[in-house]
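Just so we're on the same page: letters track the sequence lines, and every chain starts at 1.
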There are 2 protein chains.
Amino acid sequence: MPSDSSHLNNHRGPAGVGTRPRDAWLPGRSADELAARLRAAGQRVTPQRLLILGAFARPGEHLTAEEVYARVGALAPAINRSTVYRTLELFRDLGLITETDLGEGARHYELLDDGRHHHLICRDCGGMLVLDDEIVAPLRAAIQERYGFEVTIDHLALFGRCKECQRASS
Amino acid sequence: MPSDSSHLNNHRGPAGVGTRPRDAWLPGRSADELAARLRAAGQRVTPQRLLILGAFARPGEHLTAEEVYARVGALAPAINRSTVYRTLELFRDLGLITETDLGEGARHYELLDDGRHHHLICRDCGGMLVLDDEIVAPLRAAIQERYGFEVTIDHLALFGRCKECQRASS
DNA sequence: TGCGCAGATGCAAATACTCGCATCAGCACA
DNA sequence: TGTGCTGATGCGAGTATTTGCATCTGCGCA
């Protein structure tokens, strides 16, 4: 379906909706905060959405879509798998959570807070390093300056070979 | 399976095998070149592998795994879908092809040549810009310097909002 | 050239994710 | 508060990808 990109903007409401705020929104535990955030983006507040955000206990915890589905299903069995996937996509676009492919077969989602971080993953040993956002920030700035493109780099996973594995095979 | 990373190095041969050459390897059309490249990496030369690389007609052409499978299947119907997926993964690790999630539901593979490029994709309008590797190179260098990590950034897809969509919603 | 082992493949099932469509329900407006 | 429109959800089917295991085969070695 390479020529079909309609799904890319299929949950935008009217004028200005979906705009990511300039100031990062600190993830709140309260339903009220999510409700306000959704309404500000022209999105509806539904019990499903509240539950799905609630599945993220704390920032820093990685969850796959299936794990979110399992947690939510324990509380409200009627919630559908598709709704979970679609809602995670929405939250990602709103900047509430990050979505990352850590190379483990399923994408991981995480509450987004101000202390952004990224990962370096070794394809040889599987080891994972934390990459400071300070290293990534210049890329964001350069893209903004050169292309006027507001890029979202919230939780990058980059692959390669760690120092140890390079040494081991040289 | 978050704790299982054994698959990350399951197609490495003995000593030094799997090492990516410092000098980029220009993708060759000839089976001989692939054979030499595979043997140098301690990998076996099989008809399946030759066919799968052959599916990439030219650099610059994006193919999904299913498209590769379809092309290869037209020539040799016996080749299995799993083999295609596993072989693409191998070629990616050897630096022969790039793997990118362009947000279209299936990952795209492309022959890697020296003129690396990346993509900026607008989540609002679906538009795609080409991002010059010159902008990304400093990140690669910074990671190498700070972490001693040899990162592979061959074909990045970054998402965000293009200049026009920013303007339209402000 | 023949033998054997480790790695590659085929197969089938399981998991991960996407999509179209009918129905349902927030929320704007009367 | 009631009504209707539009976006959200449930559902089911389809596509994409991964995995374990049995079998097969490339290639090093005798």
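Among the heavy atoms of the strands lying under 4.0 Å from Arg81(B) is at least one base atom, whether or not backbone atoms are also near. Base contact: Glu66(B) has a heavy atom under 4.0 Å from a base atom. Note on Ser82(A): a base of the nucleic acid sits closer than 4.0 angstrom, heavy atoms only.
We find that CD of Glu89(A) is positioned 9 Å from C1' of dT18(C), with the value rounded to whole Å. Between the CG atom of Asp101(A) and the C1' atom of dC17(C) there is a distance of 12 Å, rounded to whole Å. Look at CG on Leu88(A): it is 10 Å from P on dC17(C), rounded to the nearest Å. Rounded to whole angstrom, the span from the CD atom of Glu67(A) across to the C1' atom of dA16(C) amounts to 12 Å. Atom-to-atom, CG of Leu102(B) to C1' of dT18(C) comes out at 16 Å; the value is rounded to the nearest Å. Protein atom CG of Leu34(B) is 13 Å distant from nucleotide atom P of dA8(C), rounded to whole Å. What separates CD of Glu99(B) from P of dA16(D) is a distance of 15 Å, to the nearest Å.
For Arg116(B) and Glu110(B), the salt-bridge test fails: no basic side-chain N is under 4.0 Å from an acidic carboxylate O. Between Asp124(B) and Arg161(B) there is a salt bridge, since a side-chain N of the basic residue sits under 4.0 Å from a carboxylate O of the acidic one. Remark: Glu150(A) does not engage Arg140(A) in a salt bridge, criterion side-chain N to carboxylate O under 4.0 Å. Taking 4.0 Å as the cut-off between side-chain N and carboxylate O, Arg123(B) and Asp93(A) count as a salt-bridged pair.
Here dC11(D) is the nucleotide among dT9(C), dC11(D), dC27(D) with the atom lying nearest to any side-chain atom of Arg86(A). Set against dG20(C), dC17(C), dT17(D), the side chain of Ala65(B) has dT17(D) as its closest nucleotide.
Contact between the side-chain N/O atoms of Tyr85(A) and the OP1/OP2 oxygens of dC17(C) is found at a separation under 4.0 Å. Dashed line: the shortest gap from a side-chain N or O of Gln43(B) to OP1 or OP2 of dA8(C) is under 4.0 Å. Between dG10(C) and Thr83(B), a contact under 4.0 Å exists linking OP1 or OP2 to a side-chain N or O. Side-chain N/O atoms of Arg107(A) include one lying less than 4.0 angstrom from OP1 or OP2 on dC17(C). Between Gln48(B) and dG10(C), a side-chain N or O to OP1/OP2 separation shorter than 4.0 Å is present.
Note: His119(B) and His62(B) have perpendicular aromatic rings, judged against thresholds of 30 and 60 degrees for the angle between ring planes.
Comparing Pro47(A) and Thr46(B) by the nucleotide of DNA chain C that holds the closest heavy atom to each, the one mapping nearer the 5' end is Thr46(B). Toward the 5′ end of DNA chain D lies the nearest nucleotide of Asn80(B), the other residue of the pair Val45(B) and Asn80(B) mapping further downstream. Comparing Ala78(B) and Arg44(B) against DNA chain C, the residue whose closest nucleotide sits nearer the 5' end is Arg44(B).
Counting only N and O atoms by type, the side chains of His118(B) and Asp133(B) include a donor and acceptor under 3.5 Å apart.
For dG26(C), the base has no donor-acceptor partner in the side chain of Arg49(A) [N/O atoms by modelled type, under 3.5 angstrom].
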